[in-house]
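Right, one structure below, let's go through it.
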Amino acid sequence: MDELNKPYNPKDHEDKLYKEWEEAGYFNPDNFPVSQDTGSKIQVPRFCMVIPPPNITGSLHMGHALNSTIQDILVRYHRMKGFKTLWLPGTDHAGIATQYVVEKELKKEGKTRFDLGREEFLKRVWEWRDKYGHIILDQFKKLGASCDWSRTRFTLDPEYTKAVETAFLHYHKKGLIYQANRVVNWCSRCATSLSDLEAEYKEEEAELIFIKYPLDSARGKPLTDASDYIIVATTRPETMLGDAAVAVNPKDERYKNLIGKKINLPIQNREIPIIADDSVDMEFGTGAVKVTPAHDVADFEIHERHNLPIYQVIDEKGRMTEEAKFCVGLKTKECREKVVEELDKLGLIEKREKFIHNIAKCYRCDTVIEPLISKQWFLKMKDLAAKAKAEVENGNIKFHPENFAKTYLDWLGNIRDWSISRQLWWGHKIPLDGVDDVLDTWFSSALWPFATLGWPRAESRGSDLETFYPTQVLSTARDIINLWVSRMIFSGLEFTGKKPFSDVIIHATVLNKEGKRMSKSLGTGIDPLKLIEEFGADATRFALIWQAMGGQDIKWQQEAVMAGKKFLNKMWNATRFVMKQNENYKSPYFAEAPQGKQFTISKPDAKEKINQDILEKFEETKKTTEELIKTYEFGPALHLLYEFFWHDFCDNYLEESKKMESAETSETLLYVLTGTIKLLHPFIPFITEAIWGKINKENKKHLIVESW
RNA sequence: GGGCGUUUAGCUCAGUGGUAGAGCGUUUCGUUGACAUCGAAAAGGCCAUAGGUUCGAUCCCUAUAACGCCCACCA
């Protein structure tokens, strides 16, 4: 027999085996499964998952590693169970994220995208994509992901772009898309609008400034009497230049007699009214609110109710407009200082207070978001959301763990129309003549489960769309439940009339030892590629799944990798013992296998109780493992297999077996060992395949396509 | 401001309506031909706090606290 080196060394096997699998075409469901007898393709049930397409700017982090392992377990399990199994990979063009990365690169050359112009800039982004866009997929391969790479998709592929256009035109024709002037989240650095979900709120200390607004009747007089002015509080004093009114609550006794009176807006010297509006909170600040319709969502709504004029004082690049005569061209922050200084000079600052509040920032470049009025495209969400909501409520789509359904349902239940246009260059152009805007990157990823399978081409017999859609399971991170999952569900229902998948797995978040989010910029992240390099992909996968219990967040423990590494070694050494026993007893399995004959190890008809017992325990373990995989409890499944293999099989049975060596015993050892190797293959594919190759060296068939 | 989750051995986590388990760590013993990346054994927990339901709760209910996450237009 081949020498099994004493310690198991993943480097001797992992890359080599991956290449063997890939070259044999095992990942491609066009090739497998085939009939055991005739070798021809057969009709079998299908199993399909689409990978959450990583951004082309991405590089493998622990979340990807965990998610890929989870998906690979399901895919390998179903493949071994004889399903026609497709795991479809690909990448997302990631409009804003990629554009940001390339713009940063340009900045080093002292240029902006505007210097290059649209066409030239896009050329540059494509170059970037061709150079770096595939890196993350190679990293998935390192981990052992058995995706069908021949079907790799990209959201800006011509065919995919066709799907996006079809979707847009469908909505448009149906009257679900409209244009409107609204106050939207605006990132001045990216110079684009953002959806509500793309704004990230961070708690920061700010200053709440109380400003005296003189009543018109007191114009020109020193403000000695409190009845000569009204005080408003704001964290953004520069926006006062765009004020259209001051609003108070109609129930507020303090201001009742002021409603309808006029104010002389300082600096601008413009007359604005004091109005009554129910939305004003009497408890906050002074109970009087300055209303800036162009730069605040709530104020815009007040403007609609009271028919106020709009004064836009901040432009698309975050600079003050002509309207803000006092500070034209200044950045908002500079203008803020100048305004406060001026108000102070005029004796109009009542007081300044420290104030902790949430500041909205761009989720890609972290720039403070300025709400800004602008003309955008919107998708009407009401009906789409209702259908998507029903699909989960009636149990057609299930979340695992199920409490995440609440996140989904709550969002859809309070949904507002989706602003789908972006003023970026990298993305799908809105298909109407003369429009420069592109679509929200999530508009295209919402079509992923069916656009990757060929939609909107007609469903011909045998097409991927017909064969694999709807898919079965989607596994992803919890922070994109609304951003992505919900949108795939309503898109799937709208365009195919079918749910895109039946089960949604929301995997654990991998935190660092301190229980904090791993952050690349803070250097608190653990690089899975380094783990793979040092300990191998199997040990890395083991550690991830070992710690993933019940969807709870994982506080990463490096010790789990060591536990995995030791477990692999244990398996390796047990194999050597089992093979030796079988050779000693001239087991038929180690005789020359007849050419082309299937290598199967059948269950021994054991007479000895000790052998019967371990066989029984094995069957029990197999049954429970399958149940756990079917309910997506991968952590418990791995713990069970670990327990069984190490303690029941090695510590107890194998030790006892030494006292009663026999042909029956050696065959039992081999049966249980190989059986357990199969159960473990989805979790730790490399070592199990390597062991299989040692035992079954005459046969060319790999474990990856053996049946359970 | 809402909502959700967590709180069990030194650490990270399982688990069950009847007085608790794993991995790692610690201690002791073991160099018998699968494995020292090992084996055998041991120590170590009033299962966050306070009430309630129950014959009985770590597990069910209520409240509290701490930590974490998500959502939300309080200027």
Side-chain angles (χ1 to χ4, degrees), chain A residues 4 6-9 183 185 196-197 199-201 206 208-211 232-237 239-240 243 246-247 279-292 295-302 355 357-358 360 371 401 403-411 413-414 416 478-479 481-482 506 508-509 511 513-517 535 539 542-543 546-581 633 635-636 638-640 642-643 646-647 650-652 654-655 657-658 669 673:
Chain A
L4 279 91
K6 262 197 172 180
Y8 171 70
N9 182 6
V183 173
N185 296 309
D196 295 329
L197 288 176
E200 277 185 355
Y201 289 86
L208 191 59
I209 300 186
F210 293 73
I211 309 170
V232 295
T234 181
T235 53
R236 299 165 63 215
T239 63
M240 62 89 60
D243 279 2
V246 167
S279 71
V280 178
D281 181 354
M282 293 192 277
E283 307 295 317
F284 188 87
T286 61
V289 191
K290 57 189 275 313
V291 180
T292 320
H295 302 290
D296 186 282
V297 177
D299 293 2
F300 184 78
E301 283 169 10
I302 294 177
F355 182 62
H357 71 154
N358 286 322
N403 56 299
F404 285 113
K406 198 171 158 41
T407 304
Y408 170 90
L409 293 172
D410 283 354
W411 186 69
N414 299 301
R416 303 197 299 169
R478 84 186 52 151
D479 35 328
I481 291 175
N482 296 325
I506 302 299
T509 304
L511 306 171
K513 232 185 153 98
E514 284 74 44
K516 298 268 167 60
R517 270 191 116 81
F535 304 101
F542 178 98
W546 182 257
Q547 296 179 92
M549 304 295 281
Q552 291 307 315
D553 287 348
I554 294 171
K555 276 193 203 173
W556 180 258
Q557 292 236 116
Q558 191 80 348
E559 290 83 352
V561 189
M562 294 310 297
K565 195 181 164 206
K566 281 155 76 170
F567 183 59
L568 302 182
N569 197 238
K570 188 78 177 172
M571 289 168 67
W572 194 245
N573 286 306
T575 301
R576 182 173 38 246
F577 176 79
V578 171
M579 286 178 70
K580 202 162 137 201
Q581 294 300 306
E633 295 171 272
L638 182 59
H639 279 257
L640 176 76
Y642 178 97
E643 177 73 18
W646 201 305
H647 297 116
C650 292
D651 291 347
N652 297 328
L654 192 147
E655 289 304 325
S657 78
K658 290 174 181 170
L669 278 165
L673 172 77

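Note on naming: letters A, B, ... go to the chains in the order of the sequence lines (proteins, then strands), and numbering restarts at 1 for each one.
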What nucleotide among [options] has an atom nearest to a side-chain atom of [X]?
X: A/Q557; options: B/rC13, B/rC11, B/rU37; result: B/rC11
X: A/T407; options: B/rC74, B/rG23, B/rC70; result: B/rC70
X: A/N573; options: B/rA75, B/rC35, B/rC4; result: B/rC35
X: A/W546; options: B/rC70, B/rA22, B/rG39; result: B/rA22
X: A/K516; options: B/rC24, B/rG68, B/rU12; result: B/rG68
X: A/K290; options: B/rA75, B/rG23, B/rC73; result: B/rA75
X: A/K406; options: B/rU37, B/rA14, B/rC4; result: B/rC4
X: A/R478; options: B/rC69, B/rA34, B/rC73; result: B/rC69

Next item on the list: Identify whether NZ of Lys or CZ of Arg in A/K658 sits under 6.0 Å from the centre of the six-membered ring of A/F577 and within 45° of that ring's axis.
Entry: yes

So [X], base contact, sugar-phosphate only, or nothing? Heavy-atom distance under 4.0 Å.
X: A/H647; value: sugar-phosphate
X: A/A563; value: sugar-phosphate
X: A/H357; value: sugar-phosphate
X: A/E283; value: nothing
X: A/K565; value: base
X: A/L208; value: nothing
X: A/W556; value: nothing

What's the gap between [N] and [M] when it is taken at their [atom1] atoms, as a whole Å value?
N: B/rG15; M: B/rC74; atom1: C1'; result: 45 Å
N: B/rU53; M: B/rU62; atom1: P; result: 15 Å
N: B/rA50; M: B/rC38; atom1: C1'; result: 48 Å
N: B/rA9; M: B/rG23; atom1: C1'; result: 12 Å
N: B/rU8; M: B/rU12; atom1: C1'; result: 12 Å
N: B/rC11; M: B/rC55; atom1: C1'; result: 38 Å
N: B/rG21; M: B/rA41; atom1: P; result: 15 Å
N: B/rC4; M: B/rA20; atom1: P; result: 32 Å

With a 3.5 Å distance limit and no angle check, can you tell me whether [X] reaches the backbone of [Y] through a side-chain donor-acceptor pair?
X: A/Q547; Y: A/Q557; result: yes
X: A/R236; Y: A/H295; result: yes
X: A/D296; Y: A/T292; result: no
X: A/N652; Y: A/H647; result: yes

Note to self: Using a distance-only criterion (donor-acceptor N/O pair, under 3.5 Å, no hydrogens), is the base of B/rC35 paired with the side chain of A/K570?
What the structure shows: yes

Check: Has the side chain of A/Q547 got a donor or acceptor atom sitting under 3.5 Å from an opposite partner on the base of B/rA14?
Finding: no

Nearest-angstrom distance from the residue atom [atom1] of [X] to [atom2] of [N]:
X: A/D651; N: B/rA40; atom1: CG; atom2: C1'; result: 10 Å
X: A/D299; N: B/rC73; atom1: CG; atom2: P; result: 14 Å
X: A/R517; N: B/rG5; atom1: CZ; atom2: P; result: 18 Å
X: A/F567; N: B/rA36; atom1: CZ; atom2: C1'; result: 18 Å
X: A/L511; N: B/rC69; atom1: CG; atom2: P; result: 8 Å
X: A/N652; N: B/rA40; atom1: CG; atom2: P; result: 8 Å
X: A/F355; N: B/rA75; atom1: CZ; atom2: C1'; result: 8 Å
X: A/D281; N: B/rA72; atom1: CG; atom2: P; result: 19 Å

Notebook entry, point to check: Can a donor-acceptor pair be found between the side chains of A/N573 and A/N569 at a distance below 3.5 Å?
Noted result: yes

Notebook entry, point to check: More than 12 non-hydrogen atoms from neighbouring residues, nucleotides or ligands closer than 6.0 Å to CD on A/E283, yes or no?
Noted result: no

Item checked: Which nucleotides of RNA chain B pair, in dot-bracket form (Watson-Crick or G-U under 3.5 Å, | meaning another strand) -> (((((((..((((.......)))).(((((.......))))).....(((((.......))))))))))))....

Next item on the list: Fit a plane to each ring of A/F284 and A/F355, take the angle between them on a 0 to 90° scale, and name the class: parallel (under 30°), tilted (30 to 60°) or perpendicular (over 60°).
Entry: perpendicular

Check: At their closest point, which heavy atom of A/G564 faces which heavy atom of A/A539, and how far apart are they?
Finding: C-CB, 4.4 Å

Item checked: Partner of A/W546 under ring-ring contact (aromatic ring centres under 6.0 Å, His included), chosen from A/F567, A/W556, A/Y642 -> A/Y642

